[in-house]
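Just so it is clear: chains get the letters A, B, ... in the order the sequence lines come, proteins before strands, and each one is counted from 1.
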Protein chains: 2
Amino acid sequence: MQSDSPAQTRAEWLAGELADAILTGELAPGARLDETGLAARYGVSRTPVREALRQLATTGLIDAKPRRGATVTHVTSAQLEELFVAMGEIEATCARLAAMSMTPIERRRLASLHQAMAEIVERGDESAYADANVRFHSTIYKGAHNGIVAEIASSLRRRLAPFRRAQFRAEGRLRLSYAEHDAVVQAIARGDAVQAHTTMLHHVSLVEDAVDQLALAASERRIRG
Amino acid sequence: MQSDSPAQTRAEWLAGELADAILTGELAPGARLDETGLAARYGVSRTPVREALRQLATTGLIDAKPRRGATVTHVTSAQLEELFVAMGEIEATCARLAAMSMTPIERRRLASLHQAMAEIVERGDESAYADANVRFHSTIYKGAHNGIVAEIASSLRRRLAPFRRAQFRAEGRLRLSYAEHDAVVQAIARGDAVQAHTTMLHHVSLVEDAVDQLALAASERRIRG
DNA sequence: CATCACATTATTGTATGCAAAATTCCACCT
DNA sequence: AGGTGGAATTTTGCATACAATAATGTGATG
């Protein structure tokens with residue numbers, strides 16, 4: 001596990017490692033997280049392990065009960081649905097606030113970022129689009145000029161990351177996503193708060209649909225073998 | 001300080017104690033939280049203290065830097081402004097969702113809760129109104145049928161609690177608050193999502209105004225006093 | 001008088017040890 | 001066979017001990 005901690009403590013580093021492992025699915029939902037095991041696995045003592053676990057528990061990534069150990073939080077489909085709805089609402093709120101309070105420079109930067117994505121769509125480069133997409137949404141978070149809301153949005157996005165990883169693989173999704181972004185960008189550009197809210201909500205709800213379809217297709221493949 | 005821990009751990013208990021102390025202002029913003037001192041003060045060792053601090057740090061209540069100790073988060077007026085805006089947006093979102101997805105029973109319960117508050121307004125009982133107000137808003141959170149959003153709303157409300165404690169003391173605030181609630185209740189009752197959002201946003205922004213006025217009055221008293 | 005270097009102190013981060021609670025396992029009984 | 005009781009084991013919670021880093025103080029020097 002390579003070098004030591006430059007500025008981070010072991011507990012912080014471990015919290016990051018574990019979060020990654022959970023978000024990438026390496027640690028499956030419901031998996032038991034016993035302190036001794038993790039301590040041995042990561043070459044530290046139980047103390048930093050406990051601190052990392054407590055941190056992850058407060059973020060909701062793991063589920064820790066007083067004397068019964070911790071497990072990776074199991075996200076039910078109902079909770080996933082709630083997460084997507086919440087994400088949509090928060091994103092829409094960000095778009096609303098951004099439409100109201102972005103500076104001209106920020107609006108231009110968003111527009112040019114959006115324009116650059118057109119070329120990626122033409123190339124059909126899903127991976128590059130995914131990266132640019134994160135930047136696009138982050139720009140809107142920042143444009144809301146509200147650190148609290150932006151933090152909530154980022155946190156939700158992180159929690160949903162494992163479930164939307166493959167979203168752009170769905171047929172025609174790239175082009176559709178770009179068109180929706182276009183509506184959002186235009187609404188923000190002209191400072192139309194209501195439209196910005198509506199179009200963003202629509203955009204994110206379609207993301208959920210895309211993920212649903214992929215999940216459905218995946219489960220059908222599993223059944224048919 | 002009383003009895004021992006029935007089901008919760010010392011760290012959890014301590015996190016609650018410290019959170020209370022911070023929210024009541026007993027621990028002022030910027031106050032240093034040294035582990036040894038807290039351990040002695042609360043009669044535990046440093047281990048649970050550290051775990052409690054880490055938990056509070058992830059909730060944003062305290063500010064902990066790697067090797068430089070923890071302090072109570074200092075909320076600047078800019079951040080407070082952001083918190084109020086965020087709270088307004090989330091509350092409005094809850095109202096929107098509630099308008100869309102509350103069951104008839106829930107709508108009726110909200111209406112009757114609201115009606116009961118009329119009598120409290122007549123009596124001018126600020127304390128009773130404050131309690132009922134919490135129930136009123138919580139009912140809307142639940143009515144959103146989205147645990148994630150409800151949790152975010154509750155968390156923001158907790159963080160703002162110290163700053164809105166005296167809001168109903170402002171002149172005529174009780175009656176005004178009731179009138180605004182009325183608009184929200186009516187919008188939700190008829191399932192008007194847009195109106196529910198708008199009226200709630202208005203309501204919460206007026207709360208902020210009320211708090212601002214009280215803060216202003218208080219600072220003036222301090223200067224003259 | 002200010003400033004820098006260095007030693008001292010205080011405080012945080014981590015490891016380890018022990019006690020209590022929970023889980024597991026096994027013999028025993030109905 | 002199934003269930004129950006209680007040891008044995010595992011695992012968590014907490015305290016203490018030690019190491020490493022930051023904070024502080026002191027004296028010398030320009």
Side-chain angles (χ1 to χ4, degrees), chain A residues 1-22 27-74, chain B residues 1-22 27-74:
Chain A
M1 262 97 273
Q2 54 153 37
S3 73
D4 33 311
S5 45
Q8 281 194 126
T9 70
R10 289 202 212 293
E12 282 181 336
W13 169 77
L14 221 176
E17 288 294 305
L18 291 176
D20 274 354
I22 293 170
L27 280 170
R32 197 153 183 353
L33 298 164
D34 79 294
E35 301 172 358
T36 316
L38 291 174
R41 166 102 171 62
Y42 288 95
V44 297
S45 82
R46 275 180 52 221
T47 310
V49 171
R50 284 179 60 82
E51 291 183 10
L53 289 181
R54 178 159 286 271
Q55 179 174 337
L56 295 176
T58 53
T59 68
L61 217 53
I62 71 173
D63 195 21
K65 283 170 187 147
R67 283 169 190 280
R68 342 186 83 219
T71 57
V72 177
T73 302
H74 193 82
Chain B
M1 210 71 89
Q2 45 158 44
S3 72
D4 35 310
S5 47
Q8 46 176 11
T9 69
R10 291 204 212 295
E12 282 180 337
W13 168 78
L14 221 176
E17 287 294 306
L18 290 176
D20 274 355
I22 292 170
L27 279 170
R32 197 154 182 355
L33 298 164
D34 80 294
E35 301 173 356
T36 316
L38 290 174
R41 165 99 172 65
Y42 288 96
V44 296
S45 83
R46 274 180 54 219
T47 310
V49 171
R50 284 180 60 82
E51 291 182 10
L53 289 182
R54 180 158 285 270
Q55 180 175 335
L56 296 176
T58 52
T59 68
L61 217 55
I62 72 173
D63 195 22
K65 284 175 189 142
R67 284 171 187 280
R68 342 190 78 217
T71 57
V72 177
T73 302
H74 192 80

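Nearest to the side chain of T36(A), among dA15(D), dT16(C), dT12(D), sits dT12(D).
Straight-line distance from the OH atom of Y42(A) to the C1' atom of dT14(C): 18 Å, rounded to whole Å. Rounded to an integer number of Å, the gap from L33(B) CG to dT12(C) P is 10 Å. Atom CZ in R50(A) sits about 14 Å away from atom C1' in dA15(C), given to the nearest Å. Between R32(A) atom CZ and dA22(C) atom C1' there is a gap of 10 Å when expressed in whole angstrom units. R10(B) places its CZ atom 7 Å from the C1' atom of dC14(D), with the value rounded to the nearest Å. Rounded to an integer number of Å, the gap from R46(A) CZ to dT11(D) P is 10 Å. One atom, CH2 of W13(B), and another, C1' of dC14(D), lie 14 Å apart when rounded to the nearest Å. Per the geometry, CD belonging to E12(B) stands 9 Å off P belonging to dC14(D), to the nearest Å.
Each of D34(B) and T47(B) lies near DNA chain C, and the nucleotide nearest D34(B) is the one positioned closer to the 5' end.
In this structure, R54(A) reaches neither bases nor backbone, as no heavy-atom distance under 4.0 Å exists between it and the strands shown.
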Derivation and outcome, side-chain contact (heavy atoms from CB on, under 4.5 Å), residues L33(A) and L56(A): CA-CA 11 Å; L33(A) 298 164; L56(A) 295 176; 6.0 Å; no
Decide yes or no on side-chain contact (heavy atoms from CB on, under 4.5 Å) for D63(A) and R68(A), but give the supporting numbers first. CA-CA 10 Å; D63(A) 195 21; R68(A) 342 186 83 219; over 6 Å; no
For R54(B) and E12(A): C-alpha separation, side-chain torsions, deciding distance, then whether side-chain contact (heavy atoms from CB on, under 4.5 Å) applies. CA-CA 10 Å; R54(B) 180 158 285 270; E12(A) 282 181 336; 3.8 Å; yes
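Here R68(B) reaches the OP1 or OP2 of dA23(D): one of its side-chain N or O atoms lies under 4.0 Å away.
Summarising the geometry, atom CD1 belonging to I22(B) is positioned 5.5 Å from atom CG belonging to L27(B); distances are rounded to the nearest 0.5 Å.
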